[in-house]
Each structure stands twice: as structure tokens, then as C-alpha cells.
Amino acid sequence: MNETKGGVDFTLEPAELASILIGATLLHNDVGGVIVETEAYDTTDPASHSFNGMTPRNAVMFGPPGHAYVYRSYGIHWCVNVTCGKRAGAVLLRAIEPSAGIEIMRERRGLAPLRLLCAGPGRLCQALAISIAHNGADLEKPPFAINPRETAPDIIVGPRIGITKAVDQPWRFGLKGSRFLSKPFPRA
DNA sequence: CTATTGATGTTCT
DNA sequence: GAACATCAATAGA
């Protein structure tokens with residue numbers, strides 16, 4: 001509704017928010033860029049961390065929308081979600097197109113080529129210095145900011161990556177033609 | 001380009 | 001003890 005004044009409506013359900021976030025700008029301490037890839041995780045989705053109810057790890061998902069749910073992936077990486085919807089929904093941020101603080105991100109990522117700076121949930125968190133310390137943080141307040149897109153881009157949809165349940169659900173969203181995706185989308 | 005595999009630590013059963 | 005919303009390096013086409 002009121003998509004005025006630099007606000008994204010985080011009460012939208014995950015699939016809708018995931019689509020709307022494509023083209024929005026994510027910043028952490030003025031470092032970041034344009035979101036080009038997301039995935040939706042609904043509370044009714046067996047692949048969602050919230051599917052089996054609240055645990056210490058996923059408690060943030062059951063809190064207010066618009067906050068960061070950060071978890072450790074494969075023991076090595078961080079992944080960040082935006083909580084959303086009426087109950088325990090989330091949108092996984094998978095890739096951004098670097099536009100602000102590129103030199104800082106390049107140092108954090110160890111001289112990675114521009115195209116791979118933020119192409120993937122683990123890489124994105126490393127480049128933006130997001131960690132468990134930010135779990136539960138309000139993404140609408142400093143040091144974070146999410147600015148809505150101004151015009152709707154062409155969006156491509158496909159199955160999600162790296163999951164073993166509900167693998168056929170088309171809940172991965174990407175900016176069509178972007179060179180900064182974590183993986184190509186199947187042909188459309 | 002695709003496919004495969006090892007590294008790594010936390011969470012949950 | 002098993003599973004895991006990943007990455008980087010490697011080999012091959």
C-alpha cells in the first residue's frame with residue numbers, strides 16, 4: 001500500500017516481498033548495492049527453517065517483519081534473510097549488484113572479481129560484513145537501509161537452490177539478464 | 001560451461 | 001550422529 005517515503009512493505013507474504021525486493025537497494029554502513037536475487041520461505045513450506053516451529057535459532061522469524069534473520073550455513077558462511085509476512089516468513093537475500101563501497105567489499109572478499117563479490121548468500125554477507133551479531137537487527141534503521149526500487153524491472157522466476165525439500169516450488173526470483181546472479185536461471 | 005568434492009561448525013533428533 | 005537455504009578449487013568437455 002503506502003509505498004511512499006522510502007518504505008518497503010514487509011508485511012507482504014514471502015513470495016510477494018521476494019519479487020518486490022528485486023531492484024531495491026540494500027546498504028550496510030553505506031556499503032552495498034541493488035538486490036538482484038532472492039528466495040521466498042513461507043511458514044507452510046517444508047524447506048523453511050520455521051516449518052517445524054520456533055527454536056532458539058529461528059526465533060527472529062517469529063518476531064516482527066523487516067528484521068534480519070542471520071544463520072550459519074555449512075559451518076562456514078553467514079546467510080541473511082528479511083523477516084516478513086503475518087507469521088514466520090522470510091526472504092533470503094542471495095545476490096546484489098555492487099554499487100556502493102566496492103573497494104571495501106573487494107578487500108573483505110580478498111580480491112574477488114567484481115562479478116563474484118556478492119553473487120551468493122555467503123559471499124553477500126562477507127562483502128557487507130553481516131554476521132550473527134546482526135541477527136534480529138531492524139533493516140529499516142541504521143546501520144542498515146533498504147530503499148525501494150523506483151520502476152519495476154523484468155523479473156525471472158525459477159526453483160530455489162541448494163535445498164532438498166519442496167524443490168519444485170518456483171520461489172527463486174532474479175533480475176532478468178543480470179550478470180551478478182549466484183547461478184544462471186533455467187531458460188524462460 | 002557443467003560436475004564433483006572437501007572444508008567447516010551449529011542445530012536438531 | 002546426521003543434516004545442512006555454501007564456496008572454492010579442480011577436472012573435463
Side-chain angles (χ1 to χ4, degrees), chain A residues 10 13-19 21-22 26 35-63 65-85 87-98 105-137 139 155-175 177-188:
Chain A
F10 293 107
E13 293 305 313
E16 197 171 355
L17 180 65
S19 172
L21 282 180
I22 301 298
L26 169 69
I35 298 171
V36 296
E37 184 181 347
T38 59
E39 282 178 5
Y41 288 89
D42 194 87
T43 186
T44 59
D45 167 17
S48 172
H49 287 174
S50 62
F51 181 70
N52 288 314
M54 188 162 60
T55 68
R57 177 177 68 158
N58 67 18
V60 171
M61 292 182 74
F62 292 80
H67 289 236
Y69 165 48
V70 183
Y71 69 94
R72 176 113 42 201
S73 172
Y74 289 89
I76 314 171
H77 309 286
W78 301 110
C79 295
V80 62
N81 296 250
V82 183
T83 61
C84 70
R87 187 185 123 85
V91 173
L92 172 67
L93 303 179
R94 288 194 56 90
I96 68 177
E97 175 177 339
M105 292 192 280
R106 187 173 283 256
E107 287 176 23
R108 289 174 180 157
R109 291 270 302 123
L111 303 180
L114 179 63
R115 185 179 165 166
L116 296 179
L117 261 194
C118 307
R123 293 165 177 153
L124 187 158
C125 282
Q126 189 182 6
L128 298 206
I130 294 174
S131 76
I132 193 64
H134 306 101
N135 192 37
L139 293 174
I155 292 178
I156 189 167
V157 177
R160 294 173 291 181
I161 297 204
I163 58 173
T164 59
K165 299 166 189 164
V167 293
D168 292 331
Q169 294 294 341
W171 287 337
R172 178 182 179 220
F173 300 85
L175 178 62
S178 173
R179 311 188 315 278
F180 299 95
L181 302 172
S182 64
K183 287 178 62 173
F185 276 73
R187 286 269 337 188

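The basis for the numbers below is simple: all heavy atoms, side chains too, and nothing from hydrogens, waters or symmetry mates. By convention in this document, chain letters (A, B, ...) are assigned in the order of the sequence lines, proteins followed by strands, and residues within each chain are numbered from 1.
Spacing between atom CG of A:Asn135 and atom C1' of B:dT11 amounts to 14 Å, rounded to whole angstrom units. The nearest whole Å value for the distance from the CZ atom in A:Phe173 to the P atom in C:dA5 is 19 Å. Distance CG (A:Asp42) to P (C:dA5): 16 Å, rounded to an integer number of Å. Between the C1' atom of C:dC7 and the CG atom of A:Leu117 lies a distance of 14 Å, rounded to the nearest Å. One can place OH of A:Tyr71 at 14 Å from C1' of B:dG9, the figure rounded to the nearest angstrom. Between A:Phe51 atom CZ and B:dC12 atom P the separation is 16 Å, expressed in whole Å. One can place CG of A:Leu124 at 13 Å from C1' of C:dA5, the figure rounded to the nearest angstrom. Distance, A:Met61 CE to B:dT11 P: 15 Å, rounded to whole Å.
For the residue pair A:Gln126/A:Arg108, the side-chain donor-acceptor check at 3.5 Å is not satisfied.
For C:dA5, the OP1/OP2 oxygens have a side-chain nitrogen or oxygen of A:His49 closer than 4.0 Å. Between A:Arg72 and C:dA3 there is no side-chain polar atom (N or O) within less than 4.0 angstrom of OP1 or OP2. OP1 and OP2 of C:dA5 both lie 4.0 Å or more from every side-chain N or O belonging to A:Arg172. The shortest distance between the side-chain N/O atoms of A:Ser73 and the OP1/OP2 oxygens of C:dC4 is not below 4.0 Å. For the pair A:Thr164 and C:dC4, the criterion of a side-chain N or O lying under 4.0 Å from OP1 or OP2 is met. For C:dT6, the OP1/OP2 oxygens have a side-chain nitrogen or oxygen of A:Arg94 closer than 4.0 Å.
With A:Leu93 as the partner, the side-chain contact (heavy atoms from CB on, under 4.5 Å) test is satisfied by one option alone out of A:Thr38, A:Leu128, A:Val36: A:Thr38.
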Practice prompt. List the steps, then state whether side chain to side chain donor-acceptor pair (under 3.5 Å) holds for A:Glu37 with A:Ser182.
Written response: CA-CA 8 Å; A:Glu37 184 181 347; A:Ser182 64; 2.9 Å; yes
Discussion item. What verdict does the side-chain contact (heavy atoms from CB on, under 4.5 Å) test give for A:Asn58 and A:Tyr69, after you've listed the backbone C-alpha separation in whole Å, the side-chain angles of each residue and the deciding distance to 0.1 Å?
Written reply: CA-CA 7 Å; A:Asn58 67 18; A:Tyr69 165 48; 4.1 Å; yes
Fill in: Which nucleotides of DNA chain C pair, in dot-bracket form (Watson-Crick or G-U under 3.5 Å, | meaning another strand)
||||.|||||||.
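Contacts of A:Asn52 with the nucleic acid, taken as non-hydrogen atoms under 4.0 Å apart, are absent. When heavy atoms are screened at a 4.0 angstrom cut-off, A:Arg160 is found touching no nucleic acid atom at all.
Listed nucleotides: C:dT6, C:dA8, B:dC12. Nearest to the side chain of A:Arg123: C:dA8. Minimum atom distance to the side chain of A:Ile76 is reached by B:dT8, of the listed C:dA8, B:dT8, B:dT11.
Residue-nucleotide stacking is not present for A:Tyr74 and B:dG9, judged by a side-chain ring centre under 5.5 Å from the six-membered base ring centre and planes under 30° apart.
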